[in-house]
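Let me begin by presenting the structure, written as structure tokens, before commenting on it.
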Amino acid sequence: MSQKSITSFFKITPKKESDGIVNHQKEDKSSEDKSLTEETSPPATATKRSSKRLRSDSVEKELPSASRSPSPVTSAKKKTVKRQRIESSGSEADLPKGSDEATIPVKLERNDSPKTYSSPKTKRNKSKLTKTNQESVKNIEKNESFNGYESSNESNSPKENKSPKQSKSPKSVKTPKKQKSPKEQSVSPNEIPKIKTEKKSPSPVKSVTKTKGPMEKFMESNNMMRSFVKSEKIVSTQDDEKDVKHTNEANDTIQHTLVPEAEYNPGKTKYHPIKDACWTSGQPVPYLALARTLEAVEATSARHKMVDLLSNYFRSVIALTPQDLLPSIYLCLNQLGPAYLGLELGIAETYLMKAVGGCTGRSLAQVRAAAQRLGELGAAAQQARAAQRMLCAPAPLQVRKLHAALKDLAAITGQASVNKKISKIQALFVACRHSEAKYLIRSLEGKLRVGLAEQSLLQALALATARTPPAGPHAGCLDVAEGMSSDDFKAVVDEHALVIKTTYCECPNYELVVPALLQHGARELPRHCRLTPGIPLKPMLAHPARGVHEIFSRFENEKFTCEWKYDGERAQIHVPGEEAPRLAHARIFSRNQEDNTTKYPDVLARLPALLKSTVTSCVLDCEAVAYDTVNKQILPFQVLSTRKRKDASAAEVRVQVCVFVFDLLLLNGRSLCREPLAERRRLLHDHFAESAGEWEFARAQDCSGAEEVQQFLEQSVRGSCEGLMVKALHGERAHYDIARRSRNWLKLKKDYLEGGGDSIDAVVIGAYRGRGRRAGRFGGFLLACYDPAGEQYQSLCKIGTGFSDQDLDTFTEQLQQHVIDAPRNYYSYEASQAPDVWLAAACVWEVRCADLSLSPAHRAALGLIDRDKGVSLRFPRFVRVREDKRAEEATSGEQIARMYLAQDSVRNQHTAHKMDDDDFY
DNA sequence: CGTGCCTGCCC
DNA sequence: ATTCTGC
DNA sequence: GCAGAATGGGCAGGCACG
């Protein structure tokens, strides 16, 4: 059945009309009627299929958002248009409004119209589908004994019962932390009764010598096993290295009362990696253990605490099921595998919502609305899942199987692949218990959002391996920390952390690092994983510098160099080789370790010109920039981005590229990461050759005075660059040591400077509901410029950064007074940009940007530069409110056009040949 | 087979 | 990309 | 100052759908 529903969803999605310009004349709501039907009735939904009804009305649809019209006309909006934003409004209408977050003080939703459904209904629906009886369900789950989980999780859902607002309102009000609160609640309770029948304390001191420590302890600690454990038991066979440790099996006899999975608590004081785990040695790690860990992490704000929590989970994995460490890490980071393998899920928000809706009996609009209310799809999915009962409980998820399933998802391609993926996701989703649903969905969305990411994970890995070493002299010891002072132990952790982070930065591949870590221990890592041509390393990044003065305060008395900051794409070029460079095996990686080799066949073809005869292997750090070979001119980033991305053929390349080389990270097999920049650069110049328009060294100048820097900055801008990169030349700060400091360079751009860059006064004409951290208030806005000629407000860009939390709270509240039901007919925008809430043009905000670009999605200055393209902003950010300006006094379309044309890159384009003032080429 | 949506990845 | 925030 | 999480424009690629 799930399948069916899915299909139906597809149909539902209407198409959006491609309106050219949507200036609306809305007024006609007629179309709405139709639309109504769709969304509103959940059941009906399936039938829906509206064909494209709305062509014109798309615009209208939005309106409803404000929505009062009870019926969700709005949602009808066709397509899901990008992100939920569009539908949101409408959809909400559908939903049980009460529930909503009432939270928001402001009540974004302002649609108090009689919602079609009352919250309770929602649930009802679900249950229907599932068909069933909750009772029957009663879970057959293994753990049922303990769980009352259903109820517990759902704590949220209760909202429905309560009067709409009250229950939560108090909390919701608090924006920032509120998110956590729910979790915390759930978590804390857990402190739970673990039954640890303890007995022996782990040997006070590490049982150092004995390799078998863990096992022994494990045995000792066992009491009775839970029934379910038995069932799963089988698997334990494999395991390579770990045999040593757990040979268990014997266990059967031994009894051990396991912690119920639903009560797994990595935050338990004096956490014992075996006794406090919820699975036994050799068993596959239940996904619930990881989900519980993530819950605990999410409920925590102190990073060191998060690291503690995760490390405890890791300790158990290391002690019990080390083979699951790798999949655990991947699930924590939302990675399928090393980036350079190019694995992609191909599923994101929209399709996920279809999947969730399809198996919980909800319409796409309902799911979307629920996600908006909660500010996040994961939570909505968990609620939906909890309301559902299964006749026959699927096998519980295991960490390893889940990770494998995600990789399988990525492998599905071709026709009907989306439906296949959705089905597969539904199968996983249905097997979720408790918070598993939330984290499964978030994983699929690609963001866990628990406040812990790669750096903290590496720290946790260091802590875990320091405390419960998988290898080395203390292998088998469950808690090394017990035998030493906290200072001493901390030193050990720091040492592990540095080694692990360094290794990972130079060899960012958990497939290689994790097995080596388990087998040889942290200290031995560098001997097994090192910088290797063919494996991309983490690139050095830069911090923005707000002014020339900041450069001098940062580098104090150190010597530094300034290089032009080219506006292209980072390219890390690897050429392997022993006796001689193996050019056929050269690869080019992106800043995020993606493999871009097939994107640059032209660049690879001319490698021979770059490498002097002294080079046998190398890793170069460069920027690939679009280049006009005829006029010898650097072209804008936007031009570069039109290049084919996959399997390009050198002959077909239309956009030529000049590669600007600025660093050398490995030469002839030797890593230069611990060499200062001055030395790396010297080697670069000695062993590589420039070739005009193809290979050039980044323009550099070792500046010593502020004026010199300022001049060089201006020169770089005239040379079509974004500004400068500033780097230490000597000493440790000049090393390419990402593990110690990933943003060791400074970047100085004109638009960072006061008075530099473009500043625009734009009108706020719409707002989008925030998600995640910004749930419950506006998280972004739609801005427009004013076009006096057409008496229109033309969309210029969306904006979502530059606001303090306070700003967002304030705007969320203050803008309520400008909320309107529908966009004015003098608003010009693209349907896909429609905000959740439309606003009357009243507020003017100053925004800053790096550039202006010709836009397919915005309408500012439409027709002035290009017949059907408007102008938008690159890297827009909020600066301040212009209370002194009225909407009509905002920057005009004509001014925007002038600003666009005034850009060096544009002028150069039009006057390419005459360009020489700058000298440059 | 063309169009448009969705996703992922550049910045 | 830019920006803000808790630690 | 770090690490993380909010958010931006815009493009190619891949698939769905008519």
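Residue numbering restarts at 1 for every chain, and letters A, B, ... go by the order of the sequence lines. If you're wondering where the values come from, they're calculated on a predicted model, not measured in any experiment.
Phosphate proximity of B:dC10 to A:Asn596: present, with a side-chain N or O under 4.0 Å from OP1 or OP2. In this structure, A:Asn592 reaches the B:dC10 phosphate: one of its side-chain N or O atoms is under 4.0 Å from OP1 or OP2. The shortest distance between the side-chain N/O atoms of A:Thr801 and the OP1/OP2 oxygens of C:dC4 is not below 4.0 Å. Side-chain N/O atoms of A:Arg773 include none lying less than 4.0 angstrom from OP1 or OP2 on C:dT5. When the side-chain nitrogen and oxygen atoms of A:Ser590 are compared with OP1 and OP2 of B:dC10, one or more of them lie within a distance under 4.0 Å. Distances shown here put a side-chain N or O of A:Tyr752 below 4.0 Å from the OP1 or OP2 atom of C:dT2. For the pair A:Thr642 and D:dC11, the criterion of a side-chain N or O lying under 4.0 Å from OP1 or OP2 is not met. Put simply, A:Thr350 has a side-chain N or O that comes within less than 4.0 Å of OP1 or OP2 on B:dT7. At D:dG8, one or more side-chain N or O atoms of A:Lys798 fall inside 4.0 Å of OP1 or OP2 (strictly under the cut-off).
Judged by distance alone, with hydrogens and angles left aside, the side-chain atoms of A:Ser443 form a donor-acceptor pair with the main-chain N or O of A:Tyr439 at under 3.5 Å. Checking side-chain atoms of A:Asp621 against main-chain N and O of A:Phe662 turns up no donor-acceptor pair under 3.5 Å.
The interatomic distance linking A:Glu569 (CD) with B:dC9 (P) rounds to 12 Å, in whole Å. The distance between atom CD of A:Gln903 and atom P of D:dG9, rounded to the nearest whole Å, is 16 Å. Between the C1' atom of B:dC6 and the NZ atom of A:Lys354 lies a distance of 9 Å, rounded to the nearest Å. Whole-Å rounding puts the A:Lys421 NZ to D:dA16 C1' distance at 13 Å. Nucleotide D:dA6 holds its C1' atom 14 Å from the CD atom of A:Glu349, rounded to whole Å.
Of the candidate nucleotides C:dA1, B:dC6, D:dG10, D:dG10 has the atom lying nearest to any side-chain atom of A:Pro856. Among the nucleotides C:dT2, B:dC11, B:dT7, the one closest to the side chain of A:Ala348 is B:dT7. Nearest nucleotide to the side chain of A:Glu594, out of D:dA12, B:dC9, D:dG13: B:dC9. Among the nucleotides B:dC10, C:dT5, D:dT7, the one closest to any side-chain atom of A:Arg771 is D:dT7. With distances taken from any side-chain atom of A:Arg774 to the nucleotides C:dA1, D:dG10, D:dT7, the minimum falls on D:dT7. Relative to the side chain of A:Arg546, the nucleotides D:dG8, B:dC11, C:dT3 differ in distance, and C:dT3 lies closest. In the set D:dA16, C:dT5, B:dC11, C:dT5 carries the atom at the smallest distance from any side-chain atom of A:Asp805. Relative to the side chain of A:Lys749, the nucleotides D:dG10, D:dG13, C:dA1 differ in distance, and C:dA1 lies closest. For A:Arg303, taking side-chain heavy atoms from C-beta onward, the closest of the listed nucleotides D:dC15, D:dC2, B:dC11 is D:dC2. If you check C:dA1, D:dG13, D:dA16 against the side chain of A:Ser417, the one that comes closest is D:dA16.
Nearest heavy-atom pair across A:Ser905 and A:Pro636 is CB-CG, 3.9 Å.
Contacts of A:Arg570 with the nucleic acid, taken as non-hydrogen atoms under 4.0 Å apart, involve only primed sugar atoms and P, OP1 or OP2. Among the atoms of the strands shown, none is found under 4.0 Å from any heavy atom of A:Gly446. Across all strands, A:Arg743 comes closer than 4.0 Å to no nucleic acid atom at all (heavy-atom distances). Across all strands shown, A:Leu452 has heavy atoms under 4.0 Å from sugar-phosphate atoms exclusively, and none from any base. Among the atoms of the strands shown, none is found under 4.0 Å from any heavy atom of A:Lys305. No contact: A:Asp807 has no heavy atom under 4.0 Å from any strand. Here A:Leu854 lies in heavy-atom contact (under 4.0 Å) with sugar-phosphate atoms only. At a threshold of 4.0 angstrom between heavy atoms, the contacts of A:Pro544 with the nucleic acid are absent. Using a 4.0 Å heavy-atom distance criterion, A:Arg654 is classed as making no nucleic acid contact. The residue A:Ala416 sits close only to the backbone: its heavy atoms come under 4.0 Å of sugar-phosphate atoms, none of a base.
Between A:Lys501 and A:Lys869, the residue anchored nearer the 5' end of DNA chain D, judged by the nucleotide with its closest heavy atom, is A:Lys501. Comparing A:Lys447 and A:Ser456 by the nucleotide of DNA chain D that holds the closest heavy atom to each, the one mapping nearer the 5' end is A:Ser456. Heavy-atom nearest nucleotides on DNA chain C were determined for A:Ala302 and for A:Phe803, and the one closer to the 5' end corresponds to A:Phe803. Mapping A:His304 and A:Phe875 onto DNA chain C by nearest heavy atom places A:Phe875 closer to the 5' end of the strand.
Residue side chain A:Arg645 reaches the base of D:dC11 through a donor-acceptor N/O pair under 3.5 Å, judged by distance alone.
Using a 3.5 Å distance cut-off with no hydrogens or angles, the side chains of A:Gln638 and A:Thr642 do not pair a donor with an acceptor. Residues A:Glu846 and A:Ser759 have side chains that bring a donor and an acceptor to within less than 3.5 angstrom of each other.
Aromatic rings from A:Phe781 and A:Phe803 are positioned such that their centres are separated by under 6.0 Å.
Within the cation-pi definition used here (under 6.0 Å to the ring centroid, within 45° of the axis), A:Lys538 does not qualify as a partner of A:Tyr504.
Applying the side chain to side chain contact (heavy atoms under 4.5 Å, CB included) test between A:Tyr351 and each of A:Val418, A:Leu345, A:Val356, A:Ile425 identifies A:Val418 as the sole match.
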